[in-house]
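Remarks on the structure that follows.
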2 protein chains.
Amino acid sequence: MGKGLVMNKRVTIQEVADQAGVSKTTVSRYLNKKYHKMSPATKKRIKAVIEALDYRPSRQAQALKSKRSYLIGVVIADISNMYASLLLKGMSQVFNQAKWQMIILDSLGEVDLESQYLERLIDQNVDGIILQPAAITSENYQFIEDMQLPLILADRKTYPSQWLTIGTDNEAVISRLFDQIHLADYQSFVVVSEVLAPVSTRQDRYQAVVTACAPAPVHLIEVGQNNWQKAILDLAGQQKTLFFCNNGRVMIEVLRILKQGNFQVPQEVGVTGFDDWHMTDMIGPGITSIEQPTERIGAALAENLLQAIESQQILKAGYQAIPSHISLRSSV
Amino acid sequence: MGKGLVMNKRVTIQEVADQAGVSKTTVSRYLNKKYHKMSPATKKRIKAVIEALDYRPSRQAQALKSKRSYLIGVVIADISNMYASLLLKGMSQVFNQAKWQMIILDSLGEVDLESQYLERLIDQNVDGIILQPAAITSENYQFIEDMQLPLILADRKTYPSQWLTIGTDNEAVISRLFDQIHLADYQSFVVVSEVLAPVSTRQDRYQAVVTACAPAPVHLIEVGQNNWQKAILDLAGQQKTLFFCNNGRVMIEVLRILKQGNFQVPQEVGVTGFDDWHMTDMIGPGITSIEQPTERIGAALAENLLQAIESQQILKAGYQAIPSHISLRSSV
DNA sequence: CTGAAAGCGCTAACAC
DNA sequence: GTGTTAGCGCTTTCAG
């Protein structure tokens, strides 16, 4: 690898220049592949010295001068969540293949913490930001725009629409899913979700279910609310109910509760919804569910952001929906 | 928030100095809380200007001068893995609470890619590195040591032992788990694992099972090998077998295979092992399993690394085991 | 108590 | 083709 046996201090461009008998400028030109007017001889000499010394330019210094850090800030609402993991996987495939690196922060879904972290990213001179916003109002993120920093939203929209958001095709896939379900089999319909208000995705999914079930009414159970578990069991006990779960964690919970209540799926209750794990087929009879293309969403976020950074263009506000896959099994 | 309506360029320390009628030096002193010899008046004035201008120092520039980037490099073998997610969660709790930020890279378990990423982190002037190594030989990481960069290993040891590694108490917890199992119930014992060779953790777990079952022999099935699925079904069919799964993904796979083969757990086969998801209770009868304290491992890694960085001391090589929890259910 | 000046490692006019 | 010079935004002697 051309590495010396022991090396303490970083070698600098100056040392390379000295050893090669040229100026820093020339070395810098070499580094930045500006060969257009450079004698093959010097070029070769510099190359040799760089290898001998195992010289690697300091990104810090380059960034300070060139205003490009090759750092991307990523703020996620919960890094331990499977959805987030897959999103990050997709991003890292795009960024790391190129020379970009991600600084990843976990906002815990808390708006104040999120603001703090966003500011830190700006302090760090990141070239762009990918954000899964904890707030639903665009105003919270206006200051990023003011800084002229490219920003792209993951999964969740903010209002009024101001940035490009990339996520699942919630409405379309839910509509397709319900086309496959024989609604007459059910006497009541329930959406189970984490609290709707702060997250556009949850609202959109709820609305899509409402639309799909119309004119039948749709109940909403928000996990964490008073007696929500009991509410599920009550509904399941009263009439044949279809439970639509807004994400994978919720689905796991619902299945657990129904199992404890000794309800048979799909004979006594129906269960469907979003499955972040792609593994509900392990559970019970196999759950008919929506599998999100999470990695591809992550990759798309990264690609779009890079393009915006490199072209210096502002991303067009709006929602880019990546199509989901419906996994038909036997839970409904 | 003290933010102006529109601001394009970052404000610099020079502008603050000008507005406050002092020199950059004094502002810098203020920023670094060197108040010892500074008149309350100037202090107040600087404070006011900083707030009015919403000035925030550039980390880039600070780092270039002070040799402290407040950046930590984290290289993980697979970022979409649940174990990794929880590790990162634990780390982020420690780092982000303080003013540290993580650059996270996914090595895909590939040694070459990993080397490349580690070098990039060095280029970026990170203050320390947390690594879940893809290779098992310490030699691969010697160059980090040569750079005087604090390094700490997550979950996996390298040989010869050269750095502090923090992970699960594999041997101890496996020994405790087997104390709870009535070995006489089984006629054969099998460890199912991803390929053993490159990862110390997998080897250690296998050895611990061998020790616990002695003098009975222990079969080893490496997933991905020729006909490994069939091997599982064959063993299960021949005699009453206990399957020990080396991690959560493997356990999911084993359960899936056994289910397809119509084997009843625990009547016909026993299943136990490590469960990264803390959710195998959703599956079948509830799986007796080992739940790793993954978040705490992540936090411990972060804490130890920070301490090493701040004290300028080298971490003592060795293995720090964080105790796991055994979840006794009914699968064995 | 405060400031001038040098410099961290690099890039980019502008000369020659 | 290549070098000189002047910074990027900050910290830190060293003087006063």
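Letters A, B, ... mirror the listed sequences (proteins, then strands); counts begin at 1. Here the structure is a predicted model, which is why all the values come from computation and not from measurement. Note that these values count all heavy atoms, side chains included, but never hydrogens, waters or copies made by symmetry.
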(request) Please work out if A/Tyr55 contacts a base, only the sugar-phosphate, or nothing of the nucleic acid, heavy-atom cut-off 4.0 Å. (result) sugar-phosphate
(message) On DNA chain C, compare the nucleotides closest to B/Thr25 and B/Ala61; which residue's is nearer the 5' end?
(response) B/Thr25
(request) Could you check how far CD of A/Gln60 sits from C1' of D/dG9, rounded to whole Å? (result) 12 Å
(request) Would you kindly say whether A/Asp112 and A/Gln116 are connected by a side-chain donor-acceptor distance under 3.5 Å? (result) no
(message) My understanding is that only residues two or more places apart in sequence, or in another chain, count here; which of them pass salt bridge (charged side-chain N to carboxylate O under 4.0 Å, His left out) with A/Asp155?
(response) none
(message) Quick test of your reading: applying side-chain hydrogen bond (donor to acceptor under 3.5 Å, both in side chains), list the pairs with at least one residue in residues 304-313 of chain B, sequence neighbours left out, ordered by first then second residue.
(response) none
(request) Would you mind classifying the nucleic acid contact of A/Ser39 as base, sugar-phosphate or nothing, using non-hydrogen atoms under 4.0 angstrom? (result) sugar-phosphate
(message) Taking the nucleotide of DNA chain C with the nearest heavy atom to each, does B/Lys24 or B/Pro40 sit closer to the 5' end?
(response) B/Pro40
(request) Indicate, with a heavy-atom threshold strictly under 4.0 Å, whether A/Lys34 touches base, sugar-phosphate, or nothing. (result) sugar-phosphate
(request) Look at the side-chain N and O atoms of B/Gln62 and state whether any lies under 4.0 Å from the OP1 or OP2 oxygen of D/dT11. (result) yes
(message) Measure CD/A/Gln124 against C1'/D/dC8 and give the value in whole Å, please.
(response) 16 Å
(message) In whole Å, I'd like the distance from the CZ atom of B/Arg59 to the C1' atom of D/dC8.
(response) 18 Å
(request) Please state how far atom CG in B/Leu64 lies from atom P in D/dC10, giving the value in whole angstrom units. (result) 12 Å
(request) Would you confirm whether A/Thr165, through its side chain, and A/Leu153, through its main-chain N or O, come within 3.5 Å as a donor-acceptor pair? (result) no
(request) Starting from the first five and the last five pairs of the helix from C/dC1-D/dG16 to C/dC16-D/dG1, work out the angle between the resulting helix axes, to 10 degrees. (result) 40°
(request) Round to a whole Å and report the spacing from CD of B/Gln14 to C1' of D/dC10. (result) 11 Å
(message) Measuring from the side chain of B/Leu31 (C-beta onward, heavy atoms only), which nucleotide among D/dT12, D/dG9, D/dT11 has the closest atom?
(response) D/dT11
(request) Answer with base, sugar-phosphate or nothing: what part of the nucleic acid does B/Thr12 contact at a heavy-atom distance below 4.0 Å? (result) sugar-phosphate
Please table the atom pairs, donor to acceptor, closer than 3.5 Å between any side-chain atom in residues 127-136 of chain B and protein atoms at least two apart or in another chain.
residue: B/Asp127; atom: OD1; partner: B/Ser69; partner atom: N; Å: 3.2
residue: B/Asp127; atom: OD1; partner: B/Ser69; partner atom: OG; Å: 3.4
residue: B/Asp127; atom: OD2; partner: B/Ser69; partner atom: N; Å: 3.1
residue: B/Asp127; atom: OD2; partner: B/Tyr70; partner atom: N; Å: 2.7
residue: B/Gln132; atom: OE1; partner: B/Ala77; partner atom: N; Å: 3.0

(message) I'd like to check the salt bridge (charged side-chain N to carboxylate O under 4.0 Å, His left out) partners of A/Lys89; sequence neighbours left out, ordered by chain and number.
(response) B/Asp78, B/Asp106
(message) What is the first contacted nucleotide of DNA chain C and what is the last, in 5' to 3' order, if contact means an atom lying under 4.0 angstrom from a heavy atom of chain B?
(response) C/dC1 to C/dG9
(request) Locate the shortest heavy-atom distance separating B/Val126 from B/Ile72; write the atom from each residue and the value. (result) CG1-C, 4.2 Å
(message) Once you apply a heavy-atom cut-off of 4.0 Å, does A/Lys67 come out as touching a base, just sugar-phosphate, or nothing?
(response) sugar-phosphate
(message) Using a heavy-atom cut-off of 4.0 Å across all strands, would you classify B/Ser28 as base, sugar-phosphate, or nothing?
(response) base
(request) Indicate whether OP1 or OP2 belonging to D/dG3 is found under 4.0 Å from a side-chain N or O atom of A/Ser23. (result) yes
(message) Measure NZ/A/Lys65 against P/D/dC10 and give the value in whole Å, please.
(response) 15 Å
